[in-house]
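Have a look at the structure below, then the notes.
Side-chain atoms are counted along with the backbone in the values below, which use heavy atoms only and exclude waters and symmetry mates. Quick caveat: nothing in here was measured; it's all calculated off a predicted structure. Residue numbering restarts at 1 for every chain, and letters A, B, ... go by the order of the sequence lines.
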2 protein chains.
Amino acid sequence: MNVFINLNLESSEPIYIQLQQQIIEGIAKKQLQPGDALPSVRSLAADIGINLHTVNKAYQQLKQDGFILIHRQKGVVVHPDGVPQADEEYRQELKAKLRPLIADSICRGLSEVEFSQLSKELFQLFNEEEGEKN
Amino acid sequence: MNVFINLNLESSEPIYIQLQQQIIEGIAKKQLQPGDALPSVRSLAADIGINLHTVNKAYQQLKQDGFILIHRQKGVVVHPDGVPQADEEYRQELKAKLRPLIADSICRGLSEVEFSQLSKELFQLFNEEEGEKN
DNA sequence: TATCTGTTATATAAGTAGTATAACAGATAT
DNA sequence: ATATCTGTTATACTACTTATATAACAGATA
């Protein structure tokens, strides 16, 4: 039941954000299914060699965003009901995050088609490898 | 020759990043053309009510990324040769930035088509309003 | 000569990221 | 019963980032 987390400690991206993203990727790839147990804050922290509170920070955000349930004594599981589906608010936030990427892309002569091609490759990366370890 | 910068001082996004993005958006919309002069660090700082060094930090990054040229005495201009075009390295970096957005989208049931539709709207936002103030 | 340009150097305050330790209360297995 | 597990809370500390404030410098220019 070991974890598939690889962190880049040199990155400017905070560790708890990287951890959060890796778990979200695991859910996207369906390596993590609704109801699946996640490691305790202590064991995961020990496994990847970071502090308990850093793991807890990632878990708290994942809980906030509806990815997981945290039970004070039983531990942490992927949300049994699945992740809250995208609504209009989510779409607007996503658009706000895409905005600077697309402005930059336009300046560098990247077309909408090329941009969507990159997106497509990523969608395939997550969807094709359902349950695999890549 | 006034500037079209609107900052959100409440945002967790650093001011110098927001400033950077707004200038990049200006270039994407072709409101800022190659060779166009940008305000001096002091006047822009005064205009939008922030510190000279915060503007300078944004300018330094824009210079680093090839958007602008900085001449020690003459001032700052949008790069006359245009912005460096996207190469393979740029595509990989862009993909790395899209990756967490797409993983999250998949978890929330957003399809590739819906994702590309959002992207398309943003491309249109920047391309249709060429030279306009929106 | 005064004024503009970017640049450099210090100093300070506030916030974030990460770690270290310790303790608590509830559940659970031995 | 006791030891061990769970998340949670509290405190303290270091390092770094963000943003500001002031001051000064050297080159260009009106």
Side-chain angles (χ1 to χ4, degrees), chain A residues 1-3 5-23 32 35-80 100, chain B residues 1-3 5-23 32 35-80 100:
Chain A
M1 281 302 142
N2 254 347
V3 209
I5 303 289
N6 52 340
L7 299 179
N8 177 8
L9 300 182
E10 319 302 319
S11 169
S12 67
E13 201 73 40
I15 297 175
Y16 78 96
I17 298 281
Q18 291 185 49
L19 181 50
Q20 214 180 315
Q21 289 173 348
Q22 299 261 335
I23 292 171
L32 289 174
D36 281 1
L38 288 174
S40 75
V41 290
R42 285 181 180 80
S43 69
L44 182 50
D47 271 16
I48 58 188
I50 62 175
N51 191 273
L52 157 168
H53 294 107
T54 307
V55 174
N56 189 246
K57 197 166 179 179
Y59 277 1
Q60 288 301 327
Q61 279 228 30
L62 288 167
K63 170 189 167 192
Q64 183 78 24
D65 295 339
F67 287 98
I68 62 175
L69 279 187
I70 302 180
H71 193 281
R72 198 170 175 126
Q73 279 83 22
K74 295 176 191 169
V76 181
V77 296
V78 179
H79 205 302
Chain B
M1 281 298 147
N2 252 347
V3 211
I5 303 290
N6 52 340
L7 299 179
N8 178 8
L9 300 182
E10 319 302 317
S11 169
S12 67
E13 200 74 39
I15 298 174
Y16 77 95
I17 299 281
Q18 292 184 51
L19 181 49
Q20 213 181 315
Q21 289 173 348
Q22 299 261 334
I23 291 171
L32 289 174
D36 280 1
L38 287 174
S40 75
V41 290
R42 285 180 180 81
S43 69
L44 182 50
D47 272 17
I48 57 188
I50 63 175
N51 190 274
L52 157 168
H53 294 107
T54 307
V55 174
N56 189 245
K57 196 166 180 178
Y59 277 1
Q60 288 300 329
Q61 280 229 30
L62 288 167
K63 170 190 168 192
Q64 183 78 24
D65 295 339
F67 288 98
I68 61 175
L69 279 187
I70 303 181
H71 194 281
R72 199 171 175 125
Q73 279 82 23
K74 295 177 190 167
V76 181
V77 296
V78 179
H79 205 302

Extract from the structure each pairing of a protein N or O with an N or O of nucleotides 24-30 of chain C at less than 3.5 Å, listing the distance.
from, atom 1, to, atom 2, distance (Å)
C:dG26, O4', A:Q73, NE2, 3.0

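Nearest to the side-chain atoms of B:K63 among the listed nucleotides C:dT19, C:dT7, C:dG18 stands C:dT7. In the set C:dG6, D:dT18, D:dT8, C:dG6 carries the atom at the smallest distance from any side-chain atom of B:V76.
An OP1 or OP2 oxygen of D:dT18 is reached within less than 4.0 angstrom by no side-chain nitrogen or oxygen of B:T54. Neither OP1 nor OP2 of D:dA19 sits under 4.0 Å from any side-chain N or O of B:K57. OP1 or OP2 of D:dT8 sits under 4.0 Å from a side-chain N or O of A:N56. A:Y16 has no side-chain polar atom (N or O) that falls below the 4.0 Å cut-off from OP1 or OP2 of C:dG18.
A straight line from CG of A:L69 to P of D:dG7 spans 13 Å, rounded to a whole angstrom. In this entry the distance linking CG of A:L7 with P of C:dT19 reads 10 Å, nearest Å. Note: CD1 (B:I70) to C1' (C:dT8) measures 14 Å, nearest angstrom. Straight-line distance from the CG atom of A:L52 to the C1' atom of D:dG7: 9 Å, rounded to whole Å. Between B:N51 atom CG and D:dA23 atom P the separation is 13 Å, expressed in whole Å. Nucleotide C:dA13 holds its P atom 19 Å from the CD1 atom of B:I15, rounded to whole Å. To the nearest angstrom, C1' of D:dG7 lies 14 Å from CG of A:L38. Whole-Å rounding puts the B:L44 CG to C:dG6 P distance at 10 Å.
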For this session: Kindly indicate, with the supporting measurements, whether the criterion side chain to side chain contact (heavy atoms under 4.5 Å, CB included) is fulfilled by B:V41 and B:V76.
Result: CA-CA 9 Å; B:V41 290; B:V76 181; 5.6 Å; no

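The residue A:Q18 sits apart from the nucleic acid: no heavy atom pair falls under 4.0 Å. Within the nucleic acid shown, A:Q60 comes within 4.0 Å of sugar-phosphate atoms alone, with no base atom in reach, counting heavy atoms only.
Put simply, CG on A:N51 and CZ on A:R42 are 10.5 Å apart, with the number rounded to the nearest 0.5 Å. Between the CD1 atom of A:I48 and the CG atom of A:N6 there is a distance of 10.0 Å, given to the nearest 0.5 Å. Here the CD atom belonging to A:Q61 is positioned 11.0 Å from the CG atom belonging to A:L19, to the nearest 0.5 angstrom.
For the side chain to side chain contact (heavy atoms under 4.5 Å, CB included) test with A:S11, the passing option among A:L7, A:N8, A:I15, A:L9 is A:N8; the others fail. B:D36 pairs with exactly one of B:V77, B:I68, B:V78 by the side chain to side chain contact (heavy atoms under 4.5 Å, CB included) rule, that one being B:V78. Remark: of the listed residues A:Q21, A:Q22, A:E13, A:Q18, A:Q21 is the sole one forming a side chain to side chain contact (heavy atoms under 4.5 Å, CB included) with B:P100.
In a base pair of the Watson-Crick type (N1 to N3 plus N6-O4 or O6-N4) or a G-U wobble (N1-O2 and O6-N3), with each distance short of 3.5 Å, C:dA11 is matched with D:dT20. The partner of D:dG27 is C:dC4, judged by Watson-Crick or G-U wobble contacts that both fall below 3.5 Å.
With hydrogens and angles ignored, a donor-acceptor pair under 3.5 angstrom links the side chain of B:H53 to the base of C:dA9.
Along DNA chain C, the nucleotide nearest A:G49 and the nucleotide nearest B:S40 are compared for position; the residue whose nucleotide lies closer to the 5' end is B:S40.
When the side chain to side chain donor-acceptor pair (under 3.5 Å) test is applied to A:S40, the partners found at least two apart in sequence or on another chain are A:S43.
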